[in-house]
There are 2 protein chains.
Amino acid sequence: MSSTAARPGTPTLDQVASLAGVSRATVSRVVNDSPRVSPTAREAVRAAVETLRYVPNRAARSLVTRRTDTVALVLSESGTQLFSDPFFASIVQGLSAHLADTDRTLVLLAARDRREQEKIGRYARQGHVDGVILLSLHSDDLLPGILASSRVPLVLSGRPLDGREVSYVDADNAGGAAAATRHLLAQGRTRIATITGPLDMVAGLDRYAGYRSALEAAGRTPDPDLVDGGDFGEVGGMRAMSRLLDRAPDLDAVFVASDPMAAGALQALRTAGRRVPDDVALVGFDDAPLAQACDPPLTTVAQPLGEMTALMLELLLRRIEDADAPVETRVCATHLVRRASA
Amino acid sequence: MSSTAARPGTPTLDQVASLAGVSRATVSRVVNDSPRVSPTAREAVRAAVETLRYVPNRAARSLVTRRTDTVALVLSESGTQLFSDPFFASIVQGLSAHLADTDRTLVLLAARDRREQEKIGRYARQGHVDGVILLSLHSDDLLPGILASSRVPLVLSGRPLDGREVSYVDADNAGGAAAATRHLLAQGRTRIATITGPLDMVAGLDRYAGYRSALEAAGRTPDPDLVDGGDFGEVGGMRAMSRLLDRAPDLDAVFVASDPMAAGALQALRTAGRRVPDDVALVGFDDAPLAQACDPPLTTVAQPLGEMTALMLELLLRRIEDADAPVETRVCATHLVRRASA
DNA sequence: GTGAAAGCGCTAACAT
DNA sequence: ATGTTAGCGCTTTCAC
């Protein structure tokens, strides 16, 4: 082969240039929407781009611009657990929606074990993405450390458990849980149980802490028999509810720390022949399809997911534009959504 | 600035070279595990890489190699629907696991609407990924067309509905559904209903076709009253089951086309006071947490997900290595998993 | 407004 | 076994 005639599959900038009868620089300007181009030239280039079906080569571009226009959402989760969580789906949806208006693309990266975590660290360091949003942190997660030390702009979804200095966006989990518990207290419930999430995750811990604090503020002593835990999933909620019923059949309310667990708990209650909400009142966490499909629909604590995703992106973009931007953290309010009984 | 001293943040190949006292080429050889390097040089380079924390720049590398070592799993789904499907989680898990042994990385791309589909098409064309596995195809999906015409190596998960010539891997959905239905017939069930998936998806269509063909082979005429549909999700299954019970309270079995829908159907049956499996027998599709957590565990049709993901990757890598490799298609057997009643 | 030229950091012949 | 050299396709001064 002589010059660049190797693979006719992908047209290059100067093929467009010669077809349009201008220089590479001009084509580049048109492609990048520079104002310093005459309408005539612009039109000629556009036409050439069209005929050749030209698409700029990202590698070449980011080699010089040092940007990829890609941000990653990293899911650090051992099992496939996370995928079934509507919370996760909402985050993806929110980020996608915000990014749709820009020319950046969202990619999802899953790290199920240590090996994959390191692989993702390398991926980020190699400059494949401009920034990272990190989701679902267990206390033993290596990724925050790996990514933080790799100088990749980083925003966490959820406050880091180890007090590390990183930008993050979180919901007021403790406040929401406390509000839910107070709601049950105000109904006159006296034996209020809880199904917690994993206690090595900040959302699990904070929601449990909120439940306890509301109980204590009301002068109640939390009863260990009324506490059980799941993994935020439906099956876990079902099992936890069964155990609670075994240990404390006299319970009259449950604060459940996630929507799928609430759906599971509801099944267990029905299987045990308990009536909801008269006999046992249930409050879930997180507005989601399952809670809304219940009959009657569950009262839940709602997080402002749209606001949270917008904030994550805002914080991340700030750090991408300015590498030395200060660490910023945001905590979003949660609120109780009471649903009319059917 | 004079030469390349701009950002000391990212060391380059020749910084490593001069520190190690060798040429760039040698460093490149070491980094790429070429055997043609002396142990001495190799060690010197390794040390320099270590001190400088050198990581190769992916853009520069793929500019010359024309590879990115990245494959994308593209999820084409209007809602957040897909994420809650355990089938999807298993696919991700399987692909991740296979890729973990290689130096390729898996990225997930979500296309929720037309705009995002086009964006993903561009992303692929720009050379960000070496190949694409495309999941969850509705009949009106634009992505197969967009990607096929963009010359990106492509493998579909599921037979394309329009008969387009593309490589794909599919499960024998019709065969599995027929086996499930025959199983119910063999039990002496006479009023066998079905909850179908979306009928604009190949998995939905094929499973419904399998149900019908088994019925017809047994000399039964399918009764429209015994057919209802959901979106593969739990809530959809619950609602479909309620409708079926309204229309045909005498039904004595249901073949449900997905695991979450089966869980939903089970709830609806219990709410209606029907006993499972004595009163109404249930067969689900897809081994998944919900079906296994049922009491008694559901009999289900299992797809060989591990085998399927391995095949997808195999087909895709073949097309990546050799752009002119022929279109290949695989259909994997499914089989009935009978679970002992509790 | 437009073109010429210099690289971005890397790999891959080709010499040695 | 190692160094030299020539680009990969693009953006971006800097002249004109």
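Note that this is a predicted model, so its numbers are computed, not measured. So that the names make sense, note that chain A is the first sequence line, chain B the second, and so on, each numbered from 1.
- Look at CD on Gln15(B): it is 8 Å from P on dG9(C), rounded to the nearest Å.
- Considering only side-chain atoms of Ala60(B), the nucleotide from dT11(D), dT2(D), dG9(C) that sits closest is dG9(C).
- Distance Arg24(B) CZ to dT5(D) P: 11 Å, rounded to the nearest Å.
- When the side-chain nitrogen and oxygen atoms of Thr12(A) are compared with OP1 and OP2 of dG9(D), none of them lie within a distance under 4.0 Å.
- DNA chain D is contacted by both Ser38(B) and Thr65(A); Ser38(B) maps to the nucleotide lying nearer its 5′ end (nearest heavy atom per residue).
- Look at Arg66(A) and you'll find a side-chain N or O under 4.0 angstrom from OP1 or OP2 of dG9(C).
- Side chain of Ala41(B), nearest nucleotide from dT11(C), dT2(D), dC8(C): dT2(D).
- The CG-P distance, from Leu13(A) to dA4(C), rounds to 13 Å in whole Å.
- No contact: Val31(A) has no heavy atom under 4.0 Å from any strand.
- Contact annotation for Asp14(B): no contact, since no heavy-atom pair falls under 4.0 Å across all strands.
- Atom CD in Glu43(A) sits about 16 Å away from atom C1' in dG1(C), given to the nearest Å.
- In terms of heavy-atom proximity, His98(A) sits nearest to Thr102(A) at O-CG2, 3.9 Å.
- With rounding to the nearest 0.5 angstrom, the CE atom of Met201(A) is 10.0 Å from the OG atom of Ser139(A).
- The nearest whole Å value for the distance from the CG atom in Asn57(A) to the C1' atom in dG9(C) is 14 Å.
- Note on Ser62(A): every side-chain N or O is 4.0 Å or more away from OP1 and OP2 of dC10(D).
- Minimum interatomic distance between Ile120(A) and Ala111(A) (heavy atoms only, all atoms of both residues): CD1-CB, 3.6 Å.
- Under 3.5 Å, the side chains of Arg61(B) and Asn32(B) contain a donor-acceptor pair of N or O atoms.
- Across the protein-nucleic acid pair, Asp69(A) atom CG and dT11(D) atom P stand 11 Å apart, rounded to whole Å.
- The nearest whole Å value for the distance from the CG atom in Leu52(B) to the P atom in dG9(C) is 13 Å.
- For a distance-only test at 3.5 Å, the side chain of Arg29(B) fails to qualify as a donor-acceptor partner of the base of dT11(C).
- When the side-chain nitrogen and oxygen atoms of Asn32(A) are compared with OP1 and OP2 of dT11(D), one or more of them lie within a distance under 4.0 Å.
- The NE2-P distance, from His128(B) to dG9(D), rounds to 17 Å in whole Å.
- Counting non-hydrogen atoms under 4.0 angstrom, Arg36(A) reaches a base of the nucleic acid.
- No engagement by Ala59(B) is indicated, since no non-hydrogen atom pair under 4.0 Å with the nucleic acid exists.
- Using modelled atom types, one finds a donor on one side chain and an acceptor on the other under 3.5 Å when comparing Thr12(B) with Asp14(B).
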Q: Just do the side-chain contact (heavy atoms from CB on, under 4.5 Å) check on Leu134(A) and Tyr168(A) with the steps written out, would you?
A: CA-CA 9 Å; Leu134(A) 184 49; Tyr168(A) 68 82; over 6 Å; no
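- Listed pair Ser28(A) / dC10(D) fails the phosphate criterion, with no side-chain N or O lying under 4.0 Å from OP1 or OP2.
- Looking at which nucleotide of DNA chain C each of Pro35(A) and Ala25(A) is closest to, the 5′-most match is held by Pro35(A).
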